[in-house]
Amino acid sequence: MGEDRRQLIRSLGFLSSVGISLVAACLIGLALGYYLDKWLDTTPWMTLTWLGIGIIAGFRNVYILTQRELRRQKQEDDQDNNES
Amino acid sequence: MTHPFLIFGWLKEELHLHVGEHVLYTWLVMLILIILALLASRSIKQVPSGLQNLMEVVVEGISNLAEETMGSKGKAYFPLVATLALFILVSNLIALIPGFAPPTANLNTNAALALTVFAMTHLVGLKEHGIKYLKHFMGPIWWLAPLIFVIEIVGHLARPLSLSLRLFGNMYGHEIVLMIFLSLVPFLLPVPMMLMGVLVAFIQTFVFTLLAMIYIAGALEEAH
């Protein structure tokens, strides 16, 4: 029970934090594009391309983080099965 | 800020110091941690008791987590991770004392922490793999490499932003909610919010250290 509760809080904290990493990457892409546009005077092309890149990067971040968490959980399950 | 009274804010006014309140609170947290460490390690005994016992439990917990997440290679980066964890935890918990504000409720403190982690991951990667570390950014297919490279760079830049914003948003949001509740009904109603504050303090500390460790572990492993 105690172990379960610890695991729950752990996953809760981790998964609730995944969303913002998607948003942050989109924002970084948007900001890069916006200022490049201002600098190079190519409105709106840079903003659009870099926003697209940012969105892709955001999804990639989420994918990497979730994959790692899933792998860790699976490892832990295997350990539990071996012990019992 | 939103606080009705801050001890260090008042002190700053009295002494005409030109540093932010969050810097003063950061110094206080550092002082607390240094004194705690000195007290705990002053008389180390075979069978620990009291303060030494407590600190051993804390350090062992973080150490286990670090080994679990980063593997045996990551053992070398345990001091960084443990420092981050202890500093953030004490900073968050200090908000529970009346008259004290958490330094983590200011974006500048968090940005400093997140940039440390950001710089550290890449230094670790460079140290571990040398120039081959660049392969981490290239992806498996060579003709897609330039595109993947750009995407990876944006993804990596997003890390310090999300790390600092997450901690800042949680701590500052909690402060504001507490202050609003306090100004609406100053009796008993803020208590559940304060309880939530304890939970948020622990969860955010955990998330920050876990993500820092995941990033370092990502830099340590071989390119895919």
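Only heavy atoms go into these numbers, but all of them, side chains included; no hydrogens, no water, no symmetry mates. Here the structure is a predicted model, which is why all the values come from computation and not from measurement.
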- Under 6.0 Å from the CZ atom of A/Phe59, do we count more than 12 heavy atoms belonging to anything else shown? no
- Message: Heavy-atom cut-off 4.5 Å, strictly under: side chain, backbone, both or neither for B/Ile203 against chain A?
- Response: side chain
- Query: Where is the tightest heavy-atom contact between A/Ala24 and B/Ser162, given as atom of each residue plus distance?
  - Reply: CB-CB, 3.6 Å
- Task: Please state whether the side chain, the backbone, both or neither of B/Leu165 comes within less than 4.5 Å of a heavy atom of chain A.
- Result: both
- Query: Is it true that atom CZ of B/Phe181 has more than 12 heavy atoms of other residues, nucleotides or ligands lying nearer than 6.0 Å?
  - Reply: no
- Would the number of heavy atoms belonging to other residues, nucleotides or ligands and lying under 6.0 Å from NZ of B/Lys127 be above 12? no
- Message: More than 12 heavy atoms of other residues, nucleotides or ligands under 6.0 Å from CZ of B/Phe202: yes or no?
- Response: no
- Could you tell me which portion of B/Glu68 (side chain, backbone, both or neither) has an atom closer than 4.5 angstrom to a non-hydrogen atom of chain A? side chain
- Query: chain B heavy atoms under 4.5 Å from A/Leu22: which part of the residue, side chain, backbone, both or neither?
  - Reply: neither
- Exceeds 12 heavy-atom contacts within 6.0 angstrom, atom OH of A/Tyr34: no
- So what's closer than 4.5 Å to chain A heavy atoms on B/Leu65: side chain, backbone, both or neither? side chain
- Would you find more than 12 non-hydrogen atoms of other residues, nucleotides or ligands less than 6.0 Å from B/Ile131 atom CD1? no
- From A/Ile64 atom CD1 to B/Ile214 atom CD1, the distance as rounded to the nearest 0.5 Å: 11.0 Å
- How long is the span from the CZ atom in A/Arg68 to the CG atom in B/Leu210, to the nearest 0.5 Å? 9.5 Å
- Item | Top contributor to chain A contacts, counting heavy-atom pairs under 4.5 Å, from B/Leu163, B/Val150, B/Leu199, B/Asn170 | B/Val150
- Message: What's the separation between atom CG in A/Asn61 and atom CD in B/Glu152, rounded to the nearest 0.5 Å?
- Response: 8.0 Å
- Starting at CZ of B/Arg159, measure out to CG of A/Leu65 and round the result to the nearest 0.5 Å. 7.5 Å
- CG of B/Leu211 to OG of A/Ser21, rounded to nearest 0.5 Å, is 8.0 Å
- Segment of B/Ile148 engaging chain A (4.5 angstrom heavy-atom cut-off): neither
- Task: Nearest 0.5 Å please: distance from the CD1 atom of B/Ile153 over to the CG atom of A/Leu32.
- Result: 10.5 Å
- Query: Any side-chain heavy atom of A/Ile56 sitting closer than 4.5 Å to one from B/Val154?
  - Reply: no
- Can you see which heavy atom on A/Ala57 is nearest to which on B/Ile151, and at what distance? CB-O, 3.4 Å
